[in-house]
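Atoms within each ligand, like the ligands themselves, are counted from 1 in listed order. Note that this is a predicted model, so its numbers are computed, not measured. In what follows, residues are counted from 1 in the order of the sequence shown.
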Amino acid sequence: MAHSQQTAPFDYVIFGATGDLTMRKLLPALYNQLRIGHVPEDARIIGTARSELSTEEYRTRAQEALEHFLPAPHKDAALIERFLKKIHYVTLDGTKEDPASWDDLHTVLKQSPADRIRVFYFSTAPQLFEAISENLHRFSFITPQSRVVLEKPIGTDSASARAINEGVSRFFKEEQIFRIDHYLGKETVQDIIALRFANPVFNAVWSAEHIQSIQITAAETVGVEGRAAYYDTSGALRDMIQNHLLQVLSLCAMEAPADLGADSVRDAKVKVLKALRPIPPEKVASETLRAQYITGTMDDVKVPGYLEELGDNSNTETYAVMRAYVDTPRWKDVPFYIRTAKRSHKKVSEVVVTFKKTASSLFGKDGEHNRLVIRLQPNEGFGLALNIKNPSAADFSLQHGAMDGRFAPADGSLIPDSYERLMLDAVRGYPALFIRRDEVEAAWAWVEPTLQTWAANKVPMTHYPAGSYGPKEARAFIATTGDAWHEDMKN
Ligand SMILES: NC(=O)C1=CN([C@@H]2O[C@H](COP(=O)(O)OP(=O)(O)OC[C@H]3O[C@@H](n4cnc5c(N)ncnc54)[C@H](OP(=O)(O)O)[C@@H]3O)[C@@H](O)[C@H]2O)C=CC1
Ligand SMILES: O=C1O[C@H](COP(=O)(O)O)[C@@H](O)[C@H](O)[C@H]1O
């Protein structure tokens, strides 16, 4: 996936510029890329939203966001000042079809050469994507050098995802469309490719012959914060599994791509998604588990349950597990457990690969499972649990030994936030770390029967106290296929 760090001059037009994502992630990401020299001096950021703000007022908001969200070592008053000068704000309702609404955006964009790269970043609800695309077309904003970045979620089910994809592709070619999944921007997620394919020690044993199971977990301590209105219509499965965790699964399970070009990697991933064994409605109760957090304790502080936070009744899950099988010869009957939770005991995203025990009469009894833990965040790195000789034993009895590695940059700098890489890859026109249309649609197709069965309340909602690992039913769930959750393992 080698590519140049340099970008050509660009105009980044953000729809949804007053929103949480822009303030928390997008502006800090662009600032940091300026800090490390990847953003050319004449690049510009044009924020748009319906709120009536002047550029000066918007810059003040942006400055507050940077002060709040940048890590302390990255804050530099002079650089923030330089960054803010790149920002312009245009009040605009992206769905408005009258030409006058778009005049101000025209005026700002006309200040750049006509062949300048334009990135339109849709950081709004997906229902607006088609209308904004159509207006960009109608009012002649889409140039050959334009790209569009689509934030997740792409729809809420297969039909809506298809409709969004079709709607946007009426105005942008597929090579201009960058569907973002910020997990693919995480260095540690990309490390799955490196660990698997650059190391014979893993590559040679990466199959059902040696692997018993793979757990993919993304647990967060946060609840739904200010996003309850969105989250309650989404839930854990749509919010995390359909996109981020199925992408991680694809990287864990894909065959070696022919090369690291965008199409080769995405071809390899989509084959995995299409090979996922369907979970028909009658199997949803045994192959999935959903739960909601109730009042609990976090860091010795009592925190409310989901329904109290929402102030309403709801059947939306804040915890979800699915047992997946990839029906290819490599993964014959290997369970992949995909799990996500809000208000969990701790924040952890990881991949846990449990290898089969080696039956050996040499040591009297089998050793423990070898286990590879890829820590996506925090404490980014990997652990490998091995069997070694017990040094204080006179015989050849075994004990647990561990290797540990860090993914941190060698120069001691912080691992870049995932949006940094992705936002500039869109400028570069480099799509390898973005999701192709067929991937999105295959992922929706696989989760859909579960979503429908849950929506019909055919699977009971279980509960867990905020600050715990999840519902007690999760242990029995994983035990039915002979496994245990990582937190319950000895190594
Ligand atoms: N926040 C997050 O952590 C994440 C968010 N996302 C996704 O990103 C998108 C944005 O999320 P988030 O920032 O949290 O949402 P917010 O609700 O905070 O922001 C929505 C933004 O859209 C603008 N907007 C709404 N309607 C229009 C319109 N007709 N024309 C132009 N602008 C409009 C709003 O501004 P105004 O009201 O002034 O028009 C606001 O700037 C969502 O799809 C979300 O699911 C994805 C991953 C994480
Ligand atoms: O897309 C989303 O991701 C975040 C979790 O991202 P992470 O990088 O902190 O793991 C999640 O909080 C949010 O609900 C979801 O929409």
Check whether NZ of the Lys or CZ of the Arg Arg339 lies under 6.0 Å from the centre of the six-membered ring of Trp485 and within 45 degrees of that ring's axis.
-> yes

Taking 4.0 angstrom as the limit, do Glu187 and Arg406 come out as a salt bridge?
-> no

Atom 38 (O) of ligand 1: which protein heavy atom is closest, and how many Å away?
-> Ser51 OG, 2.4 Å

Which of the atoms of ligand 1 are close to Leu92, meaning less than 4.0 Å from one of its heavy atoms?
-> 30 (N), 31 (C)

If we number the atoms of ligand 1 from 1 as shown, the ones under 4.0 Å from a heavy atom of Ala17 are 41 (O)

Lys/Arg-Asp/Glu bridge criterion (N-O < 4.0 Å) met for Glu439, Lys274 | no

So, Lys342 and Glu220, do they make that salt bridge, N to O below 4.0 Å?
-> yes

Between Lys269 and Asp438, is there a side-chain N and carboxylate O pair less than 4.0 Å apart?
-> no

Structural part of Glu151 in contact with ligand 1, heavy atom criterion under 4.0 angstrom | side chain

Are any of the N or O atoms of Gly19 closer than 3.5 Å to those of ligand 1?
-> yes

Paired with Phe129, the ring-ring contact (aromatic ring centres under 6.0 Å, His included) test is passed by just one of Phe172, Phe122, Tyr121, Phe171, namely Phe122

Run the salt-bridge test on Glu287 and Arg323 with the 4.0 Å N-O cut-off and return the result as yes or no.
-> yes

Before accepting this row, confirm whether a basic side-chain N of the pair Glu174/Arg179 lies closer than 4.0 Å to the acidic partner's carboxylate O.
-> yes

Do ligand 1 and Gly94 have nitrogen or oxygen atoms that lie under 3.5 Å from each other?
-> yes

is_close_aromatic(His106, Phe141), centroid dist under 6.0 Å | yes

min-distance protein heavy atom vs atom 22 (O) of ligand 1 -> Gly16 CA, 3.4 Å

Verify atom 41 (O) of ligand 1: protein non-hydrogen atom under 4.0 angstrom away | yes

Contact between Lys25 and ligand 1, counting heavy atoms under 4.0 Å?
-> no

So is there a nitrogen or oxygen of Leu21 less than 3.5 Å from a nitrogen or oxygen in ligand 1?
-> yes

With respect to atom 8 (O) of ligand 2, which of Gln377, His244, Lys186, Lys342 exhibits the smallest heavy-atom separation?
-> Lys186

Considering heavy atoms of the protein only, find what lies nearest to atom 10 (C) of ligand 1 and give residue, atom and distance to 0.1 Å.
-> Ser123 O, 3.2 Å

Any side-chain donor paired with an acceptor under 3.5 Å for Tyr89 and Thr18?
-> no

For Leu128, the ligand 1 atoms with a heavy-atom partner under 4.0 Å come out as 26 (N), 27 (C), 28 (C), 29 (N)

Looking at ligand 1, does any of its N/O atoms fall within less than 3.5 Å of an N/O of Tyr230?
-> no

Ranked by distance from atom 29 (N) of ligand 1, the top protein heavy atom is Asp93 OD1, 2.8 Å

Looking only at protein heavy atoms, which one is nearest to atom 3 (O) of ligand 2, and how far off is it?
-> His182 CE1, 3.3 Å

Return the option from Met23, Arg50, His244, Lys152 holding the heavy atom at the smallest distance from atom 6 (N) of ligand 1.
-> Lys152

Would you call Lys271-Asp267 a salt bridge at under 4.0 Å N-O?
-> no

Salt bridge flag under 4.0 Å for residues Lys25 and Asp20 = no

Salt bridge between Glu64 and Arg61, side-chain N to carboxylate O under 4.0 Å?
-> no

closest protein heavy atom to atom 18 (O) of ligand 1 is Asp20 N, 2.9 Å

Taking the non-hydrogen atoms of Arg227, is any one of them nearer than 4.0 angstrom to ligand 1?
-> yes

Within the structure, does Glu220 bring an N/O atom to less than 3.5 angstrom of an N/O atom in ligand 2?
-> yes

In terms of residue, atom name and distance, what is the protein heavy atom nearest to atom 13 (C) of ligand 2?
-> Arg227 NH1, 3.3 Å

Below 3.5 angstrom, do we get any N/O pair linking Thr124 and ligand 1?
-> yes

Side-chain ion pair, Arg170 and Glu166, N-O less than 4.0 Å | no

Would you say Thr48 touches ligand 1, if touching means a heavy atom closer than 4.0 Å?
-> no

Touching ligand 2 at all, Tyr183? Heavy atoms, strictly under 4.0 Å?
-> yes

By number and element, which atoms of ligand 2 are closer than 4.0 Å to a non-hydrogen atom of Lys347?
-> 7 (P), 9 (O), 10 (O)

Looking only at distance, does Thr18 have an N or O less than 3.5 Å from an N or O of ligand 1?
-> yes

Logged contact type for Arg24 with ligand 1, heavy-atom cut-off 4.0 Å, is side chain

Compute the shortest N/O to N/O distance between Ala49 and ligand 1 and return yes if it is under 3.5 Å, no if not.
-> no

Between Arg35 and Asp76, does at least one N-O distance fall below 4.0 Å, as a salt bridge requires?
-> no

Does Lys86 make a cation-pi contact with Phe83, if we ask for NZ or CZ under 6.0 Å from the ring centre and within 45° of the axis?
-> no

Distance filter under 4.0 Å to Lys152 heavy atoms, resulting ligand 2 atoms | 1 (O), 2 (C), 15 (C), 16 (O)

Give yes if a backbone or side-chain nitrogen or oxygen of Asp239 is under 3.5 Å from a nitrogen or oxygen of ligand 2, and no if not.
-> yes

Pair Asp11 + Arg116, salt bridge at N-O below 4.0 Å = yes

